[in-house]
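Hydrogens, waters and symmetry mates are skipped; everything else that's a heavy atom, side chains included, is used. Letters A, B, ... are given to chains in the order of the sequence lines, protein chains preceding strands, and every chain is numbered from 1.
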There are 2 protein chains.
Amino acid sequence: MTYEQLKLNNQLCFRLYTAARLTVGAYHPYLDPLGITYPQYLVLLVLWEQDKQPVCDIAKRLMLDTNTVTPLLQRMEKSGLLRRTKGKTDTRQRIVSLTEKGSALREQAKHIPECLSANILEKMGSLEELTTLVPALDKLIEGLSER
Amino acid sequence: MTYEQLKLNNQLCFRLYTAARLTVGAYHPYLDPLGITYPQYLVLLVLWEQDKQPVCDIAKRLMLDTNTVTPLLQRMEKSGLLRRTKGKTDTRQRIVSLTEKGSALREQAKHIPECLSANILEKMGSLEELTTLVPALDKLIEGLSER
DNA sequence: TATTTTTGCATCGTGAACGATATAAATATG
DNA sequence: CATATTTATATCGTTCACGATGCAAAAATA
């Protein structure tokens with residue numbers, strides 16, 4: 001019995017960790033001109049789908065905790081992408097809503113997904129294998145996220 | 001033509017990003033008792049395979065830059081897991097070698113991969129789908145990492 | 001050999017992630 | 001109604017990830 005399983009190349013998690021890092025990196029050429037980071041882009045995706053959400057709903061959607069999301073939102077408020085107002089029914093809540101600037105970015109971001117697909121397609125030859133990733137990742141995420 | 005592609009649920013990268021986070025998180029119960037983080041575990045995996053490597057080789061192996069790896073190694077040196085000595089043939093290099101403590105951790109870490117597999121198996125029912133991830137992730141990583 | 005370029009490592013600053021902890025408001029329970 | 005618990009958010013500290021930059025040693029080139 002050796003240490004075979006302790007070899008880096010046998011580790012699924014390292015692949016996920018690396019693939020995620022590199023994929024986020026592939027967004028840089030498209031997000032830099034908009035002046036936003038990838039996590040900020042994710043927040044915008046959520047708000048573009050539905051504006052005016054409390055912090056906890058955004059956090060749930062991104063599967064992050066508020067201690068990650070709150071500072072993220074504060075930075076985004078500072079850069080004028082959104083506003084954080086006190087909730088009316090529940091005064092503990094902070095309702096996050098897009099500013100004009102935040103809303104307008106949607107139009108500029110519209111083509112990012114296809115740009116990225118094209119980019120990856122060019123580098124990989126085919127997107128076939130990537131689509132097979134989706135259900136497996138979903139199952140993994142579901143398994144690891146249940147309490 | 002709508003903003004369909006801008007929906008969070010249609011984003012592969014978000015899945016990768018989330019799956020990676022959650023999987024790293026699944027290591028916590030096993031790494032915390034050893035007093036190391038996941039990136040530190042990765043460094044140890046590399047050094048356990050081959051001791052006494054220059055910083056750049058470790059960085060290459062982990063597909064990270066030295067500006068990430070150097071502080072990581074400095075912290076690990078501080079906690080007594082490794083040493084960083086000046087290279088003899090090439091004095092620019094810093095040769096990283098395991099200490100007694102760093103080497104000894106290997107025995108304790110030996111069962112982590114199978115613990116994690118068992119853990120995930122329990123939560124997902126089957127590991128079948130996960131093995132299909134490996135070749136797709138490898139191809140993605142290769143595509144995104146070429147210069 | 002002298003000069004240029006590249007390489008290996010380090011430092012700095014910023015933005016995340018996340019554990020731990022705090023606080024006030026809402027809700028549940030006695 | 002009073003008290004206990006939960007919930008929504010925030011703050012703090014540590015560790016990463018990474019762009020930008022600096023520096024000295026090695027390698028390449030003139």
For [X] and [N], give me the distance from atom [atom1] to atom [atom2], rounded to whole Å.
X     : N      : atom1 : atom2 : answer
B/Y17 : D/dA17 : OH    : C1'   : 13 Å
A/R75 : D/dT11 : CZ    : C1'   : 13 Å
B/D57 : C/dC9  : CG    : P     : 8 Å
A/D65 : D/dT7  : CG    : P     : 13 Å
A/E77 : C/dG15 : CD    : P     : 15 Å
A/L31 : C/dA16 : CG    : P     : 11 Å
B/R92 : C/dA10 : CZ    : P     : 13 Å
B/Q74 : D/dT15 : CD    : P     : 12 Å

**Prompt:** Got A/V46 and A/E49 here, is their nearest side-chain heavy-atom distance under 4.5 Å?
**Reply:**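 Side chain of A/V46 against side chain of A/E49, heavy atoms only: no contact under 4.5 Å found.
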
**Message:** Both A/L22 and A/Q93 contact DNA chain D. Taking the nearest nucleotide for each, which residue is further toward the 5' end?
**Reply:**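 Mapping each residue to its closest nucleotide by heavy atoms, the 5'-most match is A/Q93.
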
Within the 4.0 Å heavy-atom criterion, would you say [X] contacts the bases, only the backbone, or no part of the nucleic acid?
X     : value
A/T66 : base
A/T91 : sugar-phosphate
A/T37 : sugar-phosphate

**Message:** With hydrogens left out and only the distance checked, is there a donor-acceptor pair under 3.5 Å joining B/D90's side chain and the base of C/dG8?
**Reply:**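 Donor-acceptor pair under 3.5 Å: no.
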
**Item:** Donor-acceptor pair present, A/N67 side chain and C/dG19 base, under 3.5 Å
**Value:**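 Under the 3.5 Å cut-off, the side chain and the base do form a donor-acceptor pair.
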
**Request:** May I ask you to decide if A/S126's main-chain N or O and B/K139's side chain share a donor-acceptor pair within less than 3.5 Å?
**Result:**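 A pair under 3.5 Å: no.
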
**Message:** Please check: side-chain N/O of B/S103 versus main-chain N/O of B/T99, any donor-acceptor pairing under 3.5 Å?
**Reply:**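 Checked: pair present.
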
**Message:** I want to verify a distance call: between D/dA10, C/dA17, C/dA10, whose nearest atom is closest to the A/T70 side chain?
**Reply:**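 Within the option list, the nearest is D/dA10.
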
